[in-house]
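This report concerns only the one structure given below.
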Amino acid sequence: ILIVATLNDINKLPKSLKRSGRFDKRILVETPSNNDAAKIIEFYLKSKNVSKNLNFTDITKMISYKSCADLEKILNESAIYATFARKEAIERDDIAKAYCTDYYNLPFSDFKCSSETFYATCMHEAGHAVIAEALKEGSVGFMYVASSSNGATQGFTKLCENFSRRPEHILIGLGGKASVELFHQGRCASNCSSDLDKVIRLVKGGISANATSGIGLIGIAPSDSESLKMRTEAVVQAEIEKYMFQVKDILLNNKEFVLKLADALNEKKFLFYSDIAEIRKSVQIKEAKI
C-alpha cells in the first residue's frame, strides 16, 4: 500500500509525521514553467474556440509560473467573457480581462482619469520592463495599466523569466520610480511605496544574511544593538542610492525603448509578449551588466 499526501507548506507538517517510516519521501512540484505551461494551456484550450489573431506564445508568456488551477480558471473566465460579449471565439482582450480582473483583482474598464496621472503610471511600468529587458532579453510577458472610477491608476509588469540574483530584483524594483523621475515629472515620483519596501527588504537581506557589506553588519546577539541598527540603516540607504544611480544609467541608455513602451501602454492599456517584442526590435537596446 502506497500512501501519498499533498500540502502547500511542508513546514506546517509536524516532525512526527516526517520521520522515517511515515511521510519520509518528499517530491517538490513547482508551478508550471514556460514549456510545461504551454502544454497545460493547449490542453485546456482544446475544447474552446480561440481567435486566429490570438498568439499562443502570448498566452503562455502571460500566465506561466501560475498553478494549474490558476491556468484553468483564467482560460475558463476568458471564455465566459467572450460568450457574454457574443463573440464566436476568445480574443486578446478576453484573455487580458480574465487575467487582470480575476487574478490581480484590477479593474478592466474605460474609466477616465487625468491623462498626466495615467501616463505617469505607464512610464512607471515601462521603467520596470526596460530594466528587466536590459538584464535579460524577452523577460517581460505582459504589461497592464488601469484606471478606476475614483481616478486612481495602478498597473503591473509580469515577468516570464526567472531572475535568480538579488541585485537584479533590486534594479527592476527601482526602475519604475527612476523612469518617472527621469522622463516624465522631473521630480520625486510618488506611489512607489510597495516597490521601495521590496527593495529595502532585499538590500537588508543581503546585508544581514549574506554579509554583502561585510561581516561587521551581521547581528550576532539575540537583540541587535542600537549602534548596529544605525550603521545598518546608513549602509542600506547608501546601497539603494548606488543601485538608483545604476538604474538611471540603464534607463538613460535605453531612453527610446522606455518612451516607446510608455506610449504604447498609454494607447492600448495592455501589452502582450509579442507587442513588447515588436517594440524591442525597433530600438537599439544597450544591455545591462551587473
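This chain uses plain numbering: 1 for the first residue, then up along the sequence. Just so it is clear, the structure is predicted and the values come from calculations on it, not from any experiment.
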| task | Could you tell me which non-hydrogen atom of Ser67 sits nearest to which non-hydrogen atom of Thr31, and how far apart they are? | result | N-CG2, 4.2 Å
Table please: side-chain donor-acceptor pairs of residues 5-27 below 3.5 Å, with sequence neighbours left out.
| from | atom 1 | to | atom 2 | distance (Å) |
| --- | --- | --- | --- | --- |
| Asp9 | OD1 | Asn11 | N | 3.1 |
| Arg22 | NH1 | Ser16 | O | 2.9 |
| Asp24 | OD2 | Gly21 | N | 3.2 |

| Side-chain heavy-atom pair Thr101, Leu106 within 4.5 angstrom cut-off | no
| request: Could you tell me whether the side chain of Lys177 reaches within less than 4.5 Å of the side chain of Met244, counting heavy atoms only? | output: yes
| remark: All heavy atoms of Ile250 vs all of Ala134, minimum pair found to be CG2-CB, 3.8 Å
| query | Does any N or O in the side chain of Asn254 come within less than 3.5 Å of the main-chain N or O of Lys286, such that one atom is a donor and the other an acceptor? | reply | yes
| task | Identify the heavy atoms of Ala262 and Ala126 that sit nearest to each other, and give their distance. | result | N-CB, 3.9 Å
| query | Are Lys87 and Asp93 within salt-bridge range, i.e. N to O under 4.0 Å? | reply | yes
| field | Side chains of Arg92 and Asp275 in contact at under 4.5 Å (non-hydrogen atoms) | value | yes
| request: Begin from the C-alpha positions of Ile95 and Met62 and carry the test side chain to side chain contact (heavy atoms under 4.5 Å, CB included) through to its verdict. | output: CA-CA 9 Å; Ile95 291 283; Met62 180 176 67; 2.7 Å; yes
| Roughly how far, to the nearest 0.5 Å, is CG of Asp249 from CG of Asn253? | 5.0 Å
| Between Lys73 and Glu77, does a salt bridge (Lys or Arg N to Asp or Glu O under 4.0 Å) hold up when you go through it step by step? | CA-CA 6 Å; Lys73 179 183 178 182; Glu77 289 296 324; over 6 Å; no
| note | Asn55 meets the side chain to side chain contact (heavy atoms under 4.5 Å, CB included) criterion, sequence neighbours left out, with Thr57, Asp58, Ser274
| request: State whether the side chain of Tyr81 and the backbone N or O of Lys97 hold a donor-acceptor pair below 3.5 Å, judged by distance alone. | output: no
| field | Close side-chain approach of Glu125 to Gln154, heavy-atom, < 4.5 Å | value | no
| How far does OG of Ser139 sit from CD of Glu133, to the nearest 0.5 angstrom? | 4.5 Å
| request: Test side chain to side chain contact (heavy atoms under 4.5 Å, CB included) on Leu182 and Lys248 and set out the steps. | output: CA-CA 8 Å; Leu182 281 173; Lys248 289 183 177 180; 3.9 Å; yes
| task | Answer with yes or no whether the hydrophobic clustering places Ile90 together with Leu71; edges join I, L, V, M, F, W, Y residues whose side-chain heavy atoms lie under 4.5 Å apart. | result | yes
| query | Under a 4.5 Å side-chain heavy-atom rule over Ile, Leu, Val, Met, Phe, Trp and Tyr, are Phe245 and Val203 clustered together? | reply | no
| Single-linkage hydrophobic cluster Ile172~Leu252, side-chain heavy atoms < 4.5 angstrom | yes
| query | So which heavy atom on Phe142 is nearest to which on Ile276, and how close? | reply | N-CD1, 4.3 Å
| query | With a 4.0 Å cut-off, would you call Glu42 and Lys39 a salt bridge? | reply | no
| Does any non-hydrogen side-chain atom of Leu251 lie less than 4.5 Å from one of Ile131? | yes
| query | Quick one: are Glu116 and His184 in side-chain contact, heavy atoms under 4.5 Å? | reply | yes
| said: Test your reading of the model: is there a side-chain donor-acceptor pair from Lys136 to the backbone of Asn162, 3.5 Å cut-off? | reply: yes
| remark: Scanning both residues in full, the closest heavy-atom pair of Ala132 with Leu159 reads CB-CD2, 3.7 Å
| For the hydrophobic clusters of this structure (ILVMFWY residues joined by side-chain heavy atoms under 4.5 Å, transitively), does one cluster hold both Phe56 and Phe272? | yes
| Looking only at atom types and distance, does a side-chain atom of His169 sit under 3.5 Å from a main-chain N or O of Phe163, one as donor and one as acceptor? | yes
| Looking only at heavy atoms, what is the nearest atom pair of Ser179 and Val258, with distance? | OG-CG1, 3.4 Å
| query | Same cluster for Ile40 and Tyr273 if Ile/Leu/Val/Met/Phe/Trp/Tyr side chains link at under 4.5 Å? | reply | no
| query | After noting the C-alpha distance and the side-chain angles of Leu75 and Ile59, does the key distance pass the side chain to side chain contact (heavy atoms under 4.5 Å, CB included) rule? | reply | CA-CA 9 Å; Leu75 297 174; Ile59 303 176; 4.2 Å; yes
| request: Take Glu239 and Lys242, measure what salt bridge (Lys or Arg N to Asp or Glu O under 4.0 Å) needs, and give me the verdict at the end. | output: CA-CA 5 Å; Glu239 283 291 296; Lys242 181 190 73 174; 3.3 Å; yes
| Backbone N or O of Ile279 within a donor-acceptor pair of the Ser282 side chain at under 3.5 Å? | yes
